[in-house]
*Asks:* 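One structure, as structure tokens, below. Some questions next.
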Amino acid sequence: MMASVAARELADGEVVFVGIGLPNLACNLARATHAPNLVLIYESGAVGAVPERLPVSIGDPALVTGSLMVCGMADVFQCFLQNGRIEVGFLGGAQVDRWGNINTTVIGDYAHPKVRLPGSGGASEIAAHARRTLVMAKLDPRAFPADVDFLTSPGHRCRGVPRRDLGLPGAGPVKVITDKAILEAHPTSGELVLAALYPGVSADEVRAGVGWPLVVRTTLLEVAPPSARDLQLLRDVLDPKKLFLRG
Amino acid sequence: MMASVAARELADGEVVFVGIGLPNLACNLARATHAPNLVLIYESGAVGAVPERLPVSIGDPALVTGSLMVCGMADVFQCFLQNGRIEVGFLGGAQVDRWGNINTTVIGDYAHPKVRLPGSGGASEIAAHARRTLVMAKLDPRAFPADVDFLTSPGHRCRGVPRRDLGLPGAGPVKVITDKAILEAHPTSGELVLAALYPGVSADEVRAGVGWPLVVRTTLLEVAPPSARDLQLLRDVLDPKKLFLRG
Amino acid sequence: MKTAIAEHVHDGDTVVIEGFTHLICFAAGHEIIRQRRRDLTLARLTPDLIYDQMIAAGCAKKLVFSWAGNPGVGSLHAFRRAVEGKGPALEIEEYSHFGMVARFQAGAARLPFWTIRDYAGTDLPRVNPQIRSVTCPYTGEALATVPALNPDVTIVHAQRADAAGNTQIWGLVGVQKEAAFASQRVIVVAEELVDTAVIRADPNRTLIPGLVVSAVVVEPWGAHPSYAQGFYDRDNDFYVAWEAISRDPAKLATYLDEYVYGLPDRAAYLARNPGLTRRLQARAQVCAGVNYGF
Amino acid sequence: MKTAIAEHVHDGDTVVIEGFTHLICFAAGHEIIRQRRRDLTLARLTPDLIYDQMIAAGCAKKLVFSWAGNPGVGSLHAFRRAVEGKGPALEIEEYSHFGMVARFQAGAARLPFWTIRDYAGTDLPRVNPQIRSVTCPYTGEALATVPALNPDVTIVHAQRADAAGNTQIWGLVGVQKEAAFASQRVIVVAEELVDTAVIRADPNRTLIPGLVVSAVVVEPWGAHPSYAQGFYDRDNDFYVAWEAISRDPAKLATYLDEYVYGLPDRAAYLARNPGLTRRLQARAQVCAGVNYGF
């Protein structure tokens, strides 16, 4: 469901900075349906990749074979990302807060962490430079705290400072796609608000999965379920081994 | 003669930043004789070039075919030159002054030049970063003024400031190879002094070709003439069309 | 070519036709002259014959460069006349090669400046106030800086490209990649238009991705008298001949009349130069491929 | 390999085994473990399984990195135990990928720092004082900087190299070129030793020139469980298996005993993994060559 919802956010011909897992599924679903000319760029240096198998890592050889260009990572970050050529970036993380800030570094104190996470990788620069980002994460009060323990990737308000005052080129996380609903950034405050519900989900269920008093839009939309075609593609073609699809 | 004298300055296996004309002849003569493993690097991006014909320009296709590596110019200047990988750099110019400074920019005033020369090209960075440089120029009081009209490439003393105070990584012009003699930088003052004479040339002839009171070393060496082998290689093999050899 | 230049090169633009000796797109320069563009800021490391011709034709208001000569031959006389006050005025902004390369790198990275260890002791910063310095936040030392160069349009000549502008170049690559990424618009002029499958078969060979390219023009022999590795050799005889042509304004005007204004396109230019293709055609020296399988 | 590691990797060195997913030289890491190097500062963008093994083996004093996970699988548990205070202590110095790439770029250019537009609003500069800033001398804006990284030794795995170390890589090239140029010493480990004529036949394919290389080691399958495009696929099953192995210190110790300490070299490692080469051998998908003639 999340992959299918994310796929709808991608317009044909857009340049997308792809992560592994669900974002990769979403991009390949979009390519297989309404966006055949989507240009997939991986931080590993593969540009215009057409993976013939679901890549397990963002450095999978299948991303290289048949791609339009392979470049060094200095070019990926300087000439593509910092240059502003990336239209959509996907992000996820252990914690997403009220302002769309993401934590992929540590749970607890940095010097003495409860849980040490992998760290930024390319996430902090994707969050800064992609024209817009889409965040994918499953609802859970621990995953959606009011404020992240560590601010790895900047959202709309960082430690009290509004994004526009930070000189960040990109628009930031425009949508947070969860397993129950879609949250969107409030146009002025930048706070994440409930914008659309999946079929059969109540606003209270979503509130229960978020660690702050969630504002609900007056006109709440219902997210259309994945089409039969989408489900068939995802289950039989794109992820037959269920590497990333669960349920 | 100059090409043959310059060739002797190159040790086998050294990495040389080559210019066009006489320096190129000198390098190829050295490769054909005592320094078969000389690594020739051209600012155009050809590394380990083995030109099968005398290149007319530093971007000649013959420098690419069969070379060890072709890289972009950003790599040439950042990763090779600024990185300190170049052991010897060749320089020449319309004016070489008392301190080994070189002018390839303008004769006269910059805003209203008598003669507009090509400019720096890569010369100023070669002069700064090559571990040592060799200058080749024909003696003539106008070509060897006390001070250059425009300082394009730094020598041992720039507008009164000693090289060591300028933070220049390379040793600068250790020898100036002319058509009559070899000038060398004084170890402490950096002033060019007469170090060696070509056969049959007097110190006065050299003084007459230089625009400042030239200091003559107490122990003046005589430069050995080119070997028959050198002359044969230069005239019959390396520059049969006399593109760069004159007399 | 006509449409690409008409659409993407406008009066007053900063125009870059890059290529270091290799792949200099004379065909595009000639079309710009034919379309009588004016007040252009022409930027490239080595103005070469093509900018000398564009200066002579009155296209240029300003020249940004690092080495203005005729390699191995002599001078660019239209440029010299302008700068020496013997011809129509021309503003100049001068760097070293490293400085120009760094300006394109900054432009490609969309940073306002680039840092290099250069210019200490030279007179260049005195005549170019755009050469400045920063203090290293770690060592405290001062290093030189140059400002980013972000052209309005960059024209890159290439051996091959697909219809989407995915471009592959081999042999000398100069600063074409940096110039293309730094530019607002990019015109790729290719010797050969190939199927995307050819590009995808060897993706490490791709220098410029289609997503930064505005227009693709197919123009065989479009770089002459410059060259295209694997396609044709440099016309060194013409470079030598240019010394006499450019030295004499009348001769230069005649050259422009006969070989630029007087001709509709590159095909006519080739017809006007009989024997050219036979004389400069490259011999085959094809390398082996590599395995992209997994 | 034994000699190369013995000669060029010393206790206390800053060691970089680069390669982004592709061409990670596990053979070199294993030899460093076997030779019981100590107090190493290990630097790489993604520590990956190889640094997790070296941390578990006690080679590392410090880790410099930007993403420490098991791609698509889970955690590097030896690393996590150390950082979470459940194992031997390990200093860490942390950046983002762009920050690490920029550190290698500065090192390769022998500049003390590199400028990037990054880290605004993040907590990273608060925990890493090496992330600083400069003021642009043209726009006056503040930009982030990272310090140069100049390793004592960098180990690069490649598809092919000649005896002099002229090295060609295709597929993902990561930051290997920058790391090699930034390093005091460079060890190239090649799947295939080729004649210099093979290198010279396609010079644009050369990523690292022999003049920066200290030693060349020929080690087929030396990157397993990482991969070499055109030679063998990534062993994703082993990456998945590592989750369980590294989670249990006893299992990890057993793994090191059986596959590293207990074996003399990579040949023995391959013998210890029957069916490996058959399972991962790449299929042929060879691209066409290009013409270098003139």
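Chain A is the first sequence line, chain B the second, and so forth, proteins listed ahead of strands; every chain is numbered from 1.
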*Asks:* In terms of heavy-atom proximity below 4.5 Å to chain C, should D/Leu172 be classed as side chain, backbone, both, or neither?
*Replies:*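 It is neither, since no heavy atom gets under 4.5 Å.
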*Asks:* Does any heavy atom of chain C fall under 4.5 Å from the side chain of D/Tyr292, the backbone, both, or neither of them?
*Replies:*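 The answer is both parts of D/Tyr292.
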*Asks:* Is the C/Phe113 ring parallel, tilted or perpendicular to the D/Tyr138 ring (thresholds 30°, 60°)?
*Replies:*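 Aromatic pair C/Phe113/D/Tyr138 classed tilted.
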*Asks:* Quick one: are C/Val290 and D/Arg205 in side-chain contact, heavy atoms under 4.5 Å?
*Replies:*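 Heavy-atom side-chain distance check passes, below 4.5 Å.
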*Asks:* I'd like to verify something: which residue of C/Thr145, C/Leu111, C/Ile169, C/Val134 has the highest number of heavy-atom pairs under 4.5 Å with chain D?
*Replies:*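 Top option by heavy-atom pairs under 4.5 Å: C/Thr145.
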*Asks:* Tell me, do D/Pro112 and C/Arg117 make a side-chain contact under 4.5 Å, heavy atoms counted?
*Replies:*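 D/Pro112 vs C/Arg117: side chains touch.
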*Asks:* Is it the backbone or the side chain of D/Pro137 that comes under 4.5 Å from a heavy atom of chain C, or both, or neither?
*Replies:*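 Both the backbone and the side chain of D/Pro137 come within 4.5 Å of chain C.
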*Asks:* Quick check on D/Glu141 against chain C: is it the side chain, the backbone, both or neither that has a heavy atom closer than 4.5 Å?
*Replies:*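 The side chain, not the backbone.
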*Asks:* Any donor and acceptor pair, going by atom type alone, linking the side chain of D/Asp233 with main-chain N or O of C/Phe294 inside 3.5 Å?
*Replies:*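 Here the side-chain-to-backbone pair does not exist.
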*Asks:* By a 4.5 Å heavy-atom criterion (distance strictly below it), what part of D/Thr115 contacts chain C: side chain, backbone, both, or neither?
*Replies:*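 Both backbone and side chain.
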*Asks:* Atom CZ of residue position C/Arg283 - does it have more than 12 heavy atoms of other residues, nucleotides or ligands inside 6.0 Å?
*Replies:*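 For C/Arg283, atom CZ is crowded (more than 12 foreign heavy atoms under 6.0 Å).
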*Asks:* Among D/Pro147, D/Cys136, D/Ala288, who wins on heavy-atom pairs under 4.5 Å with chain C?
*Replies:*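 Looking at each option in turn, the highest pair count goes to D/Pro147.
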*Asks:* For chain C, which candidate among D/Ala228, D/Ala282, D/Ser133 shows the most heavy-atom pairs at distances under 4.5 Å?
*Replies:*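 Most heavy-atom pairs under 4.5 Å with chain C: D/Ala282.
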*Asks:* Using a cut-off of under 4.5 Å for heavy-atom pairs, which of C/Gly289, C/Cys287, C/Gly171, C/Ala201 has the most such pairs with chain D?
*Replies:*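 Heavy-atom pair counts peak at C/Cys287.
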*Asks:* Heavy-atom distances under 4.5 Å only: say whether D/Arg160 touches chain C with side chain, backbone, both or neither.
*Replies:*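 It is the side chain, since no backbone atom gets that close.
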*Asks:* Please report the shortest heavy-atom distance between D/Asn204 and C/Val173, naming the atom on each side.
*Replies:*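 Scanning both residues, the minimum pair turns out to be ND2-CG1, 4.2 Å.
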